[in-house]
There are 2 protein chains.
Amino acid sequence: MKNSQITIKDIAKELGISSSTVSRALKDHPNVSPETKKAVTDLAEKYNYQPNSIALSLRRSKSNTIGVIIPEIVHFFFSTVISGIEDIAYSAGYSVIVSQSNESYDREVMDTFALSKNRVDGILISMSRETTRYDHFETIHKRGLPIVFFDRVCDAINCSKVVVDDFDGAYQVTKHLIQQGYKRIAHLAGPESLILSKHRMDGYKKALKEHNMEFDESIILRGRAADNEMLAKELTTQLLNSDNPPDAMFAINDRAALGVMKAAKEKGLRIPQDFAIAGFSNWEFTAMTDPAITTVDQPGFKMGQEAAKLLIREIEADEDEIIEPETRILKTDLIIRGSSVVAV
Amino acid sequence: MKNSQITIKDIAKELGISSSTVSRALKDHPNVSPETKKAVTDLAEKYNYQPNSIALSLRRSKSNTIGVIIPEIVHFFFSTVISGIEDIAYSAGYSVIVSQSNESYDREVMDTFALSKNRVDGILISMSRETTRYDHFETIHKRGLPIVFFDRVCDAINCSKVVVDDFDGAYQVTKHLIQQGYKRIAHLAGPESLILSKHRMDGYKKALKEHNMEFDESIILRGRAADNEMLAKELTTQLLNSDNPPDAMFAINDRAALGVMKAAKEKGLRIPQDFAIAGFSNWEFTAMTDPAITTVDQPGFKMGQEAAKLLIREIEADEDEIIEPETRILKTDLIIRGSSVVAV
DNA sequence: TTGAAAGCGCTAACAA
DNA sequence: TTGTTAGCGCTTTCAA
């Protein structure tokens, strides 16, 4: 009794009819007599018939499976994305295979081809940090396999993408700080080479300008502090000890925000009374940041949903139909912690 | 050019040979002339031939896919488990399909049958909190589909399981507190109905006994505090204000530990100088607990690996071979935070 | 209203 | 050494 599932053939044999009739009966085809239909469905019910999806896949040359490649599943952000993907995928009749690149280019290449070999109908990808060559995407995309990028997107491939609105998020969170009454808001920025850092900086500037606050280069922290909590703490400490210290800080991500927080606490500042911290929370710390820090959260679930929708739309498009690649920009969620909680 | 992958037939046609020869050549069958072999492999290389795994699955009646059902992927513990599963599965040539029950019985039942319908070769499950009936497991297990439970196991099904050594973990962490010099160690316990709580209580008692410390019922907190941070905080505050307060606390999980920590901080106790906290960290807070709390961590990655190994062993067992269900009990990792970090 | 046959891509027993 | 054939489970034309 080794995992023996009943087949159409078994039902056909037991009823003394052909398997094509059984097939038709099961899918309520008009040209089947009510009696046979009933006999078949009853028997199917009795034996708990489940169509063999592998045979179906082969027949239709379609696996009804979506592949997902993410850097690391343990990050809160990515696991929420997966939930969003599954939400859409399951209700559209797709299974989801998840694989992790662990931020390694080589693993990503392997995963890509493994999914292709597994005949997934499409792939959702967020690139690894290491990835700078895109041949593997190119190859499978050229072959006609639909791809949709999310969050860490690849500009070199002409396909649909889902990203977050960095500019608006930074604008919103800075505006929030201003509205709370903070007068001198510093910014711990990311490397200027990253487009993301630029967008966030621009959002920050826009909020300042809109409230007639001067942009002051002397309270902008740059360099590698964005990825280094210790360095962020150190630079913040220097800033707090300067002649004209800020009373708030917008940190580019939550790793930086944590460093800032430690510096502030060490200095004995009460948060958020004496010193406010706001930060973009990235995939690493969202659930971990101190409740006192206001963050702009990446809408992971939504992003997963949107990416899955775009992909399925493309998968299910007719042969001749031409689907224009589309880039969706999602608004961030402004999470105001420490006082009330509001999601925008 | 709609996702057209090259097939054995294409290669055969181009070379003017039969597809069976191509098939043989590709798998290095001895009875193929070196010339044909070379011609075939060259062409396969050129066209980037990838065997159609769906056709293979149908042929072999084996999908080489493992299904996983977990309560929620966003929990640190479960996402580590998944990584462990994928680690073993991929190197054994299996894909992994993950689905989430979201702690709902109904979803779990649906997921179970969905995986069965998708013809996975076996299923790894950690039960939802709601689940008290086991017919869905029973059904597919009887049908011959291998199942392995992990962490939240089901005693009603006779199959392999992987669990954590609650007794030993509690013993280790309590012993650690004693060795650090704490003299009066309280215990925030879980509901007595849970076997897990009993095991942890027993481990706690063993450590006390071994060090000739008296078990004092008056510093044992019971009730629903284990699942309620606020209640844990309240009860701890009472305890700390009592005549003979403890100087350390072993909390049954990290939700409770957080409550304990807040109570201690509110009272102005320095951790771990004045008051030490140790806790079993469960799937919810592992990555979030305060660095000052020593925890016994569930070895998620290891658990995933072990569960996957057990499952694959069963999947790949010969027809006639009888595999005895096996329960593996994994040692916890003692993570000593705040001072040095040691993993046992 | 039903059945026979072909085919999705691959493999393996059998034949040549 | 290679080819023919059948079959994994299902659907779908075509024929009856």
Side-chain angles (χ1 to χ4, degrees), chain A residues 2-41 43-44 47-65 93 116-121 143 319, chain B residues 2-41 43-44 47-65 93 116-121 143 319:
Chain A
K2 202 77 198 110
N3 200 9
S4 47
Q5 288 267 58
I6 197 133
T7 73
I8 270 191
K9 232 170 147 183
D10 300 324
I11 297 181
K13 198 181 292 171
E14 179 152 345
L15 292 178
I17 59 179
S18 80
S19 39
S20 27
T21 307
V22 176
S23 171
R24 278 188 284 249
L26 286 172
K27 48 181 37 187
D28 217 21
H29 190 93
N31 291 346
V32 185
S33 76
E35 303 84 53
T36 12
K37 202 171 282 182
K38 179 150 186 2
V40 169
T41 47
L43 211 55
Y47 289 139
N48 206 305
Y49 169 77
Q50 287 185 310
N52 184 324
S53 54
I54 293 173
L56 277 176
S57 296
L58 184 60
R59 179 83 235 281
R60 303 209 246 266
S61 325
K62 178 159 184 291
S63 62
N64 270 65
T65 302
S116 155
K117 191 180 141 195
N118 270 316
R119 294 303 199 276
V120 295
D121 295 331
R143 225 185 263 156
E319 280 283 338
Chain B
K2 201 76 199 115
N3 201 8
S4 48
Q5 288 267 58
I6 197 135
T7 74
I8 270 191
K9 234 172 148 182
D10 300 324
I11 296 181
K13 199 181 293 171
E14 179 153 344
L15 291 178
I17 59 179
S18 80
S19 38
S20 32
T21 307
V22 176
S23 170
R24 278 188 284 246
L26 286 172
K27 50 181 35 185
D28 218 19
H29 190 93
N31 291 345
V32 186
S33 76
E35 303 84 54
T36 10
K37 201 171 282 180
K38 180 153 185 0
V40 168
T41 45
L43 211 54
Y47 289 141
N48 208 305
Y49 168 78
Q50 287 185 309
N52 184 325
S53 55
I54 293 171
L56 277 176
S57 296
L58 184 61
R59 180 84 235 281
R60 304 209 245 265
S61 327
K62 177 158 186 291
S63 63
N64 270 66
T65 303
S116 155
K117 192 181 141 196
N118 269 316
R119 294 302 199 278
V120 295
D121 295 331
R143 225 185 264 155
E319 280 284 339

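Below, chain A is the first sequence line, B the second, and so on; all start at residue 1.
Using a 4.0 Å cut-off, some side-chain N or O of A:Thr36 falls inside it from OP1 or OP2 of C:dT2. One finds no side-chain N or O of B:Ser20 lying less than 4.0 angstrom from the OP1 or OP2 phosphate oxygen of D:dG3. For C:dC10, one of the phosphate oxygens OP1 or OP2 lies less than 4.0 angstrom from a side-chain nitrogen or oxygen of B:Tyr49. At the phosphate of C:dG3, OP1 or OP2 sits under 4.0 Å from a side-chain N or O atom of A:Thr21. Contact check, A:Lys9 against D:dC10: no side-chain N or O comes under 4.0 Å of OP1 or OP2. For B:Ser19 and C:dG9, the shortest distance from a side-chain N or O to OP1 or OP2 is not below 4.0 Å.
Side-chain atoms of B:Arg119 and A:Asn52, non-hydrogen and from C-beta on, do get closer than 4.5 Å to each other.
Residue B:Ile54 is classed as having no contact, given no heavy-atom separation below 4.0 Å to the nucleic acid.
Rounded to whole Å, atom P of C:dA12 lies 10 Å from atom CG of B:Leu56. As a whole-Å value, the separation of B:Lys27 NZ from C:dA13 P is 11 Å. As a whole-Å value, the separation of B:Leu15 CG from D:dT2 C1' is 13 Å. Residue B:Lys37 contributes atom NZ, which lies 10 Å from atom P of D:dT2 at whole-angstrom precision. Remark: P of D:dT2 and NZ of B:Lys13 are 20 Å apart, rounded to the nearest angstrom.
When distances are taken from the side chain of A:Thr7 to each of D:dC10, C:dG9, D:dT2, the shortest belongs to D:dC10. Distances from the side chain of B:Ser18 to the nucleotides C:dT1, D:dG3, D:dT2 place D:dG3 closest.
Positionally, the nearest nucleotide of DNA chain D for B:Arg24 lies more toward the 5' end than for the other of B:Arg24 and B:Leu58.
Interatomic distance, OG of A:Ser19 versus CZ of A:Arg24, reported as 9.5 Å (0.5 Å rounding).
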